[in-house]
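Both ligands and their constituent atoms are indexed starting at 1 by order of listing.
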Amino acid sequence: MTIQERIAQNNATHIVHQQELLTLIKKANTVYNENFDDTVWFERSIFTNWTCAIADCSYCYLSTKPKHTPGSTPTAIRSKESIVAEAIICKHMGWRVGYITGGLRVESVNQLIELTTLLKKVTGKKVMMNYGPFALSEIKKLQISVSGMGCAIESFDEELHSFICPSKPLRTLLLFLQHLQNENMEKLITIILGLGERKDDVFRVIKNIKQYKITTIQLCFLKPQENTPFATVPPPNMKYMAWWIAQIRVECPTIKIKVALVHERIDDFSLLLEAGANCFSRFMVFKDFASDFAKTLETECLKANRTLQGNFLQLPKIDIATDITTYAFEKDFERKVEKKIEEYYQRLTKCLV
Ligand code: SF4
């Protein structure tokens, strides 16, 4: 059997019966209410680059872009001021910075320390990074301004993982999680449903969450990318996603479960909250703000009896000139950040009309 045939066979296990789901969600909802309040919030993933030094994970958008040569000066990289300005906008909108992310091995460790130190001035605490595995020596250096790190675990099935990510072996990801655990740092894993997992792989994931004391799990749907072997693989449905969330919530009562929003399926978002999700990512700020999508998002949160934190339809006034002085940035950098905040604020203002 080829790997593609195996993926198709595994995808055929993704069936969730209505009664099975309802019983499970009821249980998960009880566990959620015992451990969390009624809030739900948005965690922005701030991208710092759009290239990767690995660039061959077969499902990933960055595998279709020019590869970065490690050690060379990166060109497809964002300016520090735009990243910091984005974090400041998030703060004023009531959105949290989930992590900084992008392709692996693009910025140097020193560049990441500089960036996360600047972000710490904005958020008031160390930030998370989600690029993939780092060596122990690098983790130790980054600890100064980073609270934790994450990686996508494409599959806990070693053979399938080697097919999906030929240059990013599963064992390096597990070793990375072990290092983070030894260093007592926060740990985030991302699971992409639809990448060839079996339904009952959720129990393998739960076992690993417990073993590595994972603090956050992010669940995403496969978004088939053109020019990848997954281009025609159908993504799974919301009931299947809810089933995964509920299984994890029941077995791991205090873990933070984050889900990536999917535009075409926002009408069923309440199901994911009822199953025990805490927060969400992939609200496309400059496209979704003040849109019908944002209205539906608010309605779905209400439907699940959850209070949505932050602004999705209203734009608060920001005194940018005063606010920018509170972060004690170096003057030249402060001016650059201020300009970027104004630019982003204008873009959000345009969404209102
Ligand atoms: S290492 Fe990460 S960013 Fe790079 S190709 Fe693989 S999944 Fe994409």
Self-check item: Donor-acceptor contact below 3.5 Å, side chain E300 vs main chain F269
Solution: yes
Quiz prompt | Test item: I7 and F163 side chains (from C-beta on) under 4.5 Å apart, heavy atoms | solution = yes
Quiz prompt | Side chains of F221 and E264 in contact at under 4.5 Å (non-hydrogen atoms) | solution = no
Practice problem: Spell out the protein N/O/S atoms under 2.8 Å from atom 4 (Fe) of ligand 1 as residue plus atom name. | Solution: C52 SG
Quiz prompt | Within 45° cone of F36 ring axis and under 6.0 Å: R249 NZ or CZ | solution = no
Practice problem: Look at the aromatic rings of F329 and F333 and report parallel, tilted or perpendicular, splitting at 30° and 60°. | Solution: perpendicular
Quiz item: Is a side-chain N or O of N33 found less than 3.5 angstrom from the main chain of N29, in a donor-acceptor match?
Solution: yes
Quiz item: Quick one: does Y61 get a heavy atom under 4.0 Å from ligand 1?
Solution: no
Quiz item: Is the backbone N or O of K339 less than 3.5 Å from a side-chain atom of Y344, with the two atoms forming a donor-acceptor pair by type?
Solution: no
Quiz item: Any idea which atoms of ligand 1 are less than 4.0 Å away from a heavy-atom of Y59?
Solution: 7 (S)
